[in-house]
Every structure is written in C-alpha cells, then in structure tokens.
There are 2 protein chains.
Amino acid sequence: MNIGQAATASGVSAKMIRYYESIGLIEAPVRTEAGYRVYAGDDVHTLRFVKRARNLGFSIEETRELLALWRDKSRASADVKAFALRHIGELEARIGELQAMVKTLGHLAHHCHGDGRPDCPILEDLADAPVRQGAVRAGSRGRVRHHA
Amino acid sequence: MNIGQAATASGVSAKMIRYYESIGLIEAPVRTEAGYRVYAGDDVHTLRFVKRARNLGFSIEETRELLALWRDKSRASADVKAFALRHIGELEARIGELQAMVKTLGHLAHHCHGDGRPDCPILEDLADAPVRQGAVRAGSRGRVRHHA
DNA sequence: CTTGACCTTCCCATCACGGGAAGCTTTAGG
DNA sequence: CCTAAAGCTTCCCGTGATGGGAAGGTCAAG
C-alpha cells in the first residue's frame with residue numbers, strides 16, 4: 001500500500017502523513033527499493049486514530065500522548081478519562097471566551113439602528129470603551145479548522 | 001510620545017504596533033531625527049480601537065475593514081451592523097464545532113469507568129470509529145489567544 | 001562619561017497544514 | 001518497446017498573529 005492509498009483509506013492527506021512521520025508522531029514505514037513508503041493495515045488504523053483525535057480538538061502533542069496511552073495496554077482507564085476531562089475543560093474555556101465575544105457584540109449590534117444613518121454604537125464603543133486589563137484571547141492549541 | 005508609552009497607553013505591545021504599521025493597518029507615525037516613532041493621542045485612540053476589535057475576535061483584515069468604516073463618517077450604520085452580525089454568525093459556528101467536540105468527548109468519558117482497569121471506550125472509539133467524512137475543524141480566522 | 005533604559009531593524013519560532021517545483025518510478029496504453 | 005500520465009520523493013515557501021532575541025544606535029540620569 002503506497003502513501004496515496006493510505007491517505008485515501010485513512011482520510012489523512014499524503015502530505016500530512018509525511019509530516020506526522022517527520023515529527024515522530026507515527027513510525028517511519030518500510031520503503032521499496034525505489035524509496036516509496038509502504039503501509040500496512042495497522043498503519044492506516046493508527047492514522048485514523050490520529051485523525052479522530054485531531055477532529056476532537058486534540059493538538060498534535062496531545063495526540064502523541066493519546067497514542068502512547070493507546071499503545072500502553074496496561075494503563076489505567078482513569079488516566080485516559082482524566083486526560084479527556086481536562087481537554088473538555090479547555091474546550092469549554094474557549095467556548096466561554098467566544099460566547100463572551102458574541103455577547104458583547106450582540107449587545108452592541110442590538111443597540112445599532114441598522115439603518116441609513118451613520119451613528120453606530122458598535123464603532124463608537126470600539127473607539128471609546130475602556131481598555132480591559134486582562135482581556136483574554138485564547139490559545140491556538142486544539143484549534144479547529146474548516147474543510148477537514 | 002515614544003512607542004513604549006503608546007504601548008502602555010493602548011495595551012498593544014510595541015512589537016505589535018510596529019507589525020500593524022508594517023502591514024499597513026495603522027499609519028506610519030512621524031519620526032524624530034534619530035528615527036524614533038512619535039505618537040499622538042489620536043494614534044493611541046486608533047490602537048485601542050484595534051485592540052478592542054481583536055478582543056472581539058475580528059481578524060486583522062476584518063479590523064482593517066472596521067477601521068475604514070470607523071473613518072468613513074458617511075457610512076450607514078446598517079453596514080456596520082451587518083458586518084457585526086456576520087461576525088457573530090462565524091463565532092457561533094466555531095462555538096458549535098467546539099460544542100460538538102465536547103459532546104462527543106463527554107459521551108466517551110461518561111462511558112469510561114475511570115478506574116484502575118485498562119479498558120477504555122475513549123481510546124477504543126478513537127481507534128475504531130468510522131472516519132467521518134466532512135469533519136470540520138474550523139479556521140484560524142478570529143481565533144483567540146491566552147495572556148492577552 | 002558611563003550605565004541602563006529605551007529605541008531601531010532583522011531574523012527566527014510557533015502550529016498544523018497546503019502549494020508547488022524538480023526529479024524519479026511505476027503503470028497503462030498504443 | 002516507448003511514451004505519457006499518474007504517483008512518488010524531497011525541499012522550500014506561505015499562512016496569522018504574535019513573542020523572543022540579537023546587534024546596534026540614542027537618550028536621560030547620575
């Protein structure tokens with residue numbers, strides 16, 4: 001199985017498979033004499049695992065830990081659960097930040113006439129509101145993309 | 001007013017002020033003979049506007065548009081409102097994606113014993129669940145960071 | 001006159017990819 | 001058998017919005 005087939009079978013692009021190999025997330029497969037990567041069913045299985053972890057918002061590093069837990073047949077399920085719950089907490093924190101933005105912006109939009117006149121509390125607020133001190137804009141970890 | 005004072009007064013780091021200038025988001029200020037940037041009160045005002053727009057999850061490019069709307073005294077408030085509502089829609093879409101992750105992961109975690117035994121439906125599902133086709137992982141636009 | 005705080009530009013790293021070039025290999029068709 | 005296309009290889013660049021830091025100039029206080 002060449003990289004193209006593995007990509008189709010796993011849903012991970014060939015580009016990403018090579019990338020995951022380069023950062024040591026997945027193992028380097030055997031090669032043909034010509035240098036082509038050759039994948040087995042197990043490799044596709046691993047790639048699907050990675051893809052699903054990414055879809056759940058786990059970063060590459062977190063996915064690496066999940067893979068280690070997966071391969072460690074003797075780990076306690078409590079460890080995995082704690083990991084998952086911590087991640088849920090992070091996701092919820094980001095949701096909270098986004099909801100705060102929606103709330104503020106919704107508030108402003110609500111007070112905007114939305115007609116042909118130029119007065120607009122949205123821009124006025126952006127221009128004049130006090131600078132909030134510890135304003136939070138969340139990290140990139142576990143972030144989410146379109147067109148997966 | 002040097003860049004350091006402008007940074008303190010606006011809450012935008014000196015590094016970012018130079019960056020915003022380099023991409024044409026803000027205008028290049030006058031310089032002293034020695035090459036130091038000199039800012040006026042209006043510049044700080046603009047920087048605060050930018051910071052607040054960013055805090056509300058607007059990307060740099062969206063912030064550029066907001067600045068143009070702000071400076072255009074004759075624009076209709078309806079234009080601004082539509083812009084804000086569209087952005088709210090995008091934020092809500094991202095919230096929805098994150099909530100879907102939380103839901104799935106919460107489901108899995110709920111079914112995990114979380115004890116000393118190794119069986120764990122979380123990892124089992126990651127390993128065996130079917131590959132979802134159009135899985136969505138959201139874009140980087142308007143993303144949010146920690147430690148603002 | 002020195003020290004240290006501030007400023008300047010420039011380059012590098014992040015994170016998780018995608019695009020594309022240049023060049024080799026394999027496969028299918030005539 | 002030869003050719004064209006598809007597929008593979010590596011390598012480099014760009015993304016968005018920052019932070020870090022080096023190397024060097026400037027300014028104000030002691």
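Order of the sequence lines fixes the chain letters, A, B, ..., with proteins taken first and strands second; residue numbering starts at 1 for each chain.
Residues satisfying the side-chain contact (heavy atoms from CB on, under 4.5 Å) test with A34(A), not counting sequence neighbours, are T32(A), Y36(A). Remark: R64(A) engages I23(A), L25(A), E61(A) in a side-chain contact (heavy atoms from CB on, under 4.5 Å) (not counting sequence neighbours). In this structure H110(B) satisfies the ring pair (Phe, Tyr, Trp, His ring centres under 6.0 Å) test with no other residue, sequence neighbours excluded. Partners of H107(B) under the side-chain contact (heavy atoms from CB on, under 4.5 Å) rule, at least two apart in sequence or in another chain, are H111(B).
End-to-end axis angle of the helix from dC1(C)-dG30(D) to dG30(C)-dC1(D), from C1' rotation axes over five pairs per end: 20° (rounded to 10 degrees).
Between R86(A) and E90(A) there is a salt bridge, since a side-chain N of the basic residue sits under 4.0 Å from a carboxylate O of the acidic one.
Atom CD1 of I17(B) and atom P of dT18(D) are 12 Å apart (whole Å). Rounded to an integer number of Å, the gap from M1(A) CE to dT26(C) P is 18 Å. In this structure, K15(B) places its NZ atom 16 Å from P of dC6(C), rounding to the nearest Å. The nearest whole Å value for the distance from the CD atom in E21(A) to the C1' atom in dT9(D) is 12 Å. At whole-Å resolution of the value, CD in Q5(B) and P in dA28(D) are 11 Å apart. Summarising the geometry, the separation between CD1 on I3(B) and C1' on dC27(D) is reported as 16 Å, rounded to the nearest angstrom. dA16(C) atom P lies 7 Å from atom CD1 of I23(A), rounded to whole Å. Note: CD (E62(A)) to C1' (dA16(C)) measures 14 Å, nearest angstrom.
Between the side chain of D72(A) and the main chain of S74(A), a donor-acceptor pair closer than 3.5 Å is present.
At the phosphate of dC15(C), neither OP1 nor OP2 sits under 4.0 Å from any side-chain N or O atom of Y19(A). At least one side-chain nitrogen or oxygen of S13(A) sits closer than 4.0 Å to the OP1 or OP2 atom of dG18(C).
Atoms CG and CZ, from D43(B) and R37(B) in turn, are 12.0 Å apart once rounded to the nearest 0.5 Å.
Side-chain proximity of I60(B) to the nucleotides dG19(D), dT8(C), dT18(D) is greatest for dT18(D). The side chain of N2(A) has dC8(D) as its nearest neighbour among dC8(D), dA16(C), dC7(C). Distance from the side chain of R54(B) is smallest to dT18(D) among dC10(C), dT18(D), dG20(C). When the nucleotides dG18(C), dA17(D), dC7(C) are ranked by their closest atom to the side chain of R18(B), dC7(C) comes out on top.
In this pair, F58(A) and H87(A) present their aromatic rings parallel. The plane angle is below 30°, not in the 30 to 60° band. Classified by interplanar angle (parallel below 30°, tilted 30° to 60°, perpendicular above 60°), the ring pair W70(A)/H45(A) is perpendicular.
Listed by residue number, the members of residues 25-43 of chain B with any heavy atom below 4.0 angstrom from DNA chain C are R31(B), G35(B), Y36(B), R37(B).
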